[in-house]
S.K.: 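Quick one: structure below, then a few questions.
From a predicted model like this one, the values you see are computed outputs, not experimental measurements. Computed over heavy atoms, backbone and side chain alike; hydrogens, waters and symmetry mates excluded.
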Amino acid sequence: MKKESYIWTLFITFFKIGAFTFGGGYAMIPLVQAEIVDKKGWITEEEFINIIAIAEATPGVIAVNTATFVGYKIQKTAGSLFATLGVVLPSFIIIGIISLFFEQFIALKWVNYAFQGIRAGVVILILGAVVRMGKKIPRNAFALVLVLAAFLIASFSGINVVFIILAGALAGIFRQLLIGKNKMEDRP
């Protein structure tokens, strides 16, 4: 496929994802996974999980970061530019239109009902992504303890999630350093 075709396909793919995703970046994850991993096969499941982890850890909106990283993986700088434009353009268009009629729009009862239904759907989308990605997490005591600790701390404390993510990253690095050191000591 020509470079221009890939770039156009990236733009259209992320435009569709941006247009049909309600509830933010986490709700977008299953749609990106279905399109990019399952349908198009542009990246592997493991690469996708890594991209989501990096997109979450870097500053900015997860949807934009994910589109940028996937676009770069597929077509370098041009791919990242067009994938990012594709994912943000629908929001700009929709918000632009809504802003013209905001007072009338928000006063409609059916709009409030629609938002309540969308919220419920977003929760299901996020849970689906968690379950699907959770199946790919290594099954060991360290990973289990780390996931449970992060969940409990995030759910029941006022600690910012960024600090929990950083603590998890540091714990993983520290564990790998210990494992590597122990393996070196076991050698004859």
Side-chain angles (χ1 to χ4, degrees), residues 7 9-96 98 115 118-138 143 146-155 157-173:
I7 290 171
T9 304
L10 271 167
F11 177 81
I12 295 298
T13 300
F14 278 98
F15 188 88
K16 286 191 310 188
I17 291 167
F20 296 108
T21 301
F22 293 93
Y26 293 110
M28 178 199 76
I29 291 171
L31 295 175
V32 173
Q33 191 169 20
E35 282 289 317
I36 305 304
V37 177
D38 301 337
K39 187 175 173 185
K40 294 196 174 25
W42 286 342
I43 60 174
T44 66
E45 188 89 28
E46 185 176 336
E47 288 173 320
F48 179 72
I49 290 170
N50 290 337
I51 285 173
I52 294 298
I54 293 167
E56 176 62 34
T58 53
V61 180
I62 192 170
V64 173
N65 291 346
T66 302
T68 303
F69 291 134
V70 170
Y72 188 81
K73 172 89 169 86
I74 306 304
Q75 281 293 310
K76 303 294 179 206
T77 304
S80 65
L81 175 68
F82 280 88
T84 303
L85 281 174
V87 82
V88 299
L89 199 55
S91 297
F92 281 123
I93 293 169
I94 292 168
I95 295 300
I98 289 174
F115 281 138
I118 289 170
R119 278 189 221 122
V122 166
V123 169
I124 298 302
L125 282 173
I126 293 171
L127 284 174
V130 166
V131 167
R132 189 167 179 185
M133 289 174 66
K135 291 178 182 177
K136 302 295 180 188
I137 292 175
L146 206 56
V147 168
L148 287 174
F151 173 76
L152 292 172
I153 292 168
S155 298
S157 77
I159 296 174
N160 191 317
V161 178
V162 172
F163 296 122
I164 298 170
I165 292 169
L166 290 174
L170 289 173
I173 291 169

S.K.: Provide the closest heavy-atom pair for I164 versus A150 in the form atom of the first, atom of the second, distance.
M.R.: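 Closest heavy-atom pair between I164 and A150: CG2-CB, 3.8 Å.
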
S.K.: Please name all residues satisfying ring pair (Phe, Tyr, Trp, His ring centres under 6.0 Å) with F15, sequence neighbours left out, ordered by chain then number.
M.R.: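 Partners of F15 under the ring pair (Phe, Tyr, Trp, His ring centres under 6.0 Å) test: F11.
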
S.K.: Compare every heavy atom of V87 with every heavy atom of A63, then report the nearest pair and how far apart it is.
M.R.: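 For A63 versus V87, the nearest heavy atoms are O-CG1, 4.0 Å.
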
S.K.: Mind checking whether F69 and I43 have side chains closer than 4.5 Å, heavy atoms only?
M.R.: no

S.K.: Could you work out, with side-chain hydrogen bond (donor to acceptor under 3.5 Å, both in side chains) as the rule, every residue matching K16, not counting sequence neighbours?
M.R.: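 Listed in chain order: nothing, the list is empty.
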
S.K.: Kindly compute the distance separating NZ (K73) from CG (L10), expressed to the nearest 0.5 Å.
M.R.: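 Reported value, rounded in 0.5 Å steps: 12.0 Å.
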
S.K.: Within the 4.5 Å heavy-atom criterion, are T66 and I51 side-chain neighbours or not?
M.R.: yes

S.K.: Which heavy atom of A55 sits nearest to which heavy atom of N65, and what is that distance?
M.R.: O-ND2, 3.0 Å

S.K.: If you look at every heavy atom in A78 and I7, which pair is closest and at what distance?
M.R.: CB-CD1, 3.5 Å

S.K.: Which residues satisfy the side-chain hydrogen bond (donor to acceptor under 3.5 Å, both in side chains) test with T44, sequence neighbours excluded?
M.R.: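 Testing T44 for side-chain hydrogen bond (donor to acceptor under 3.5 Å, both in side chains), a comparison that skips the adjacent residues, returns E47.
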
S.K.: What closest approach, in Å, do A83 and A67 show between heavy atoms, and which atom pair accounts for it?
M.R.: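 Nearest heavy atoms, A83 then A67: CB-O, 3.3 Å.
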
S.K.: In terms of heavy-atom contacts, does CZ of F82 have more than 12 from other residues, nucleotides or ligands at under 6.0 Å?
M.R.: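 Atom CZ in F82 is not crowded, with 12 or fewer foreign heavy atoms closer than 6.0 Å.
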
S.K.: Nearest 0.5 angstrom please: T68 OG1 to L85 CG, how far?
M.R.: 9.0 Å

S.K.: Within the 4.5 Å heavy-atom criterion, are V32 and F14 side-chain neighbours or not?
M.R.: yes

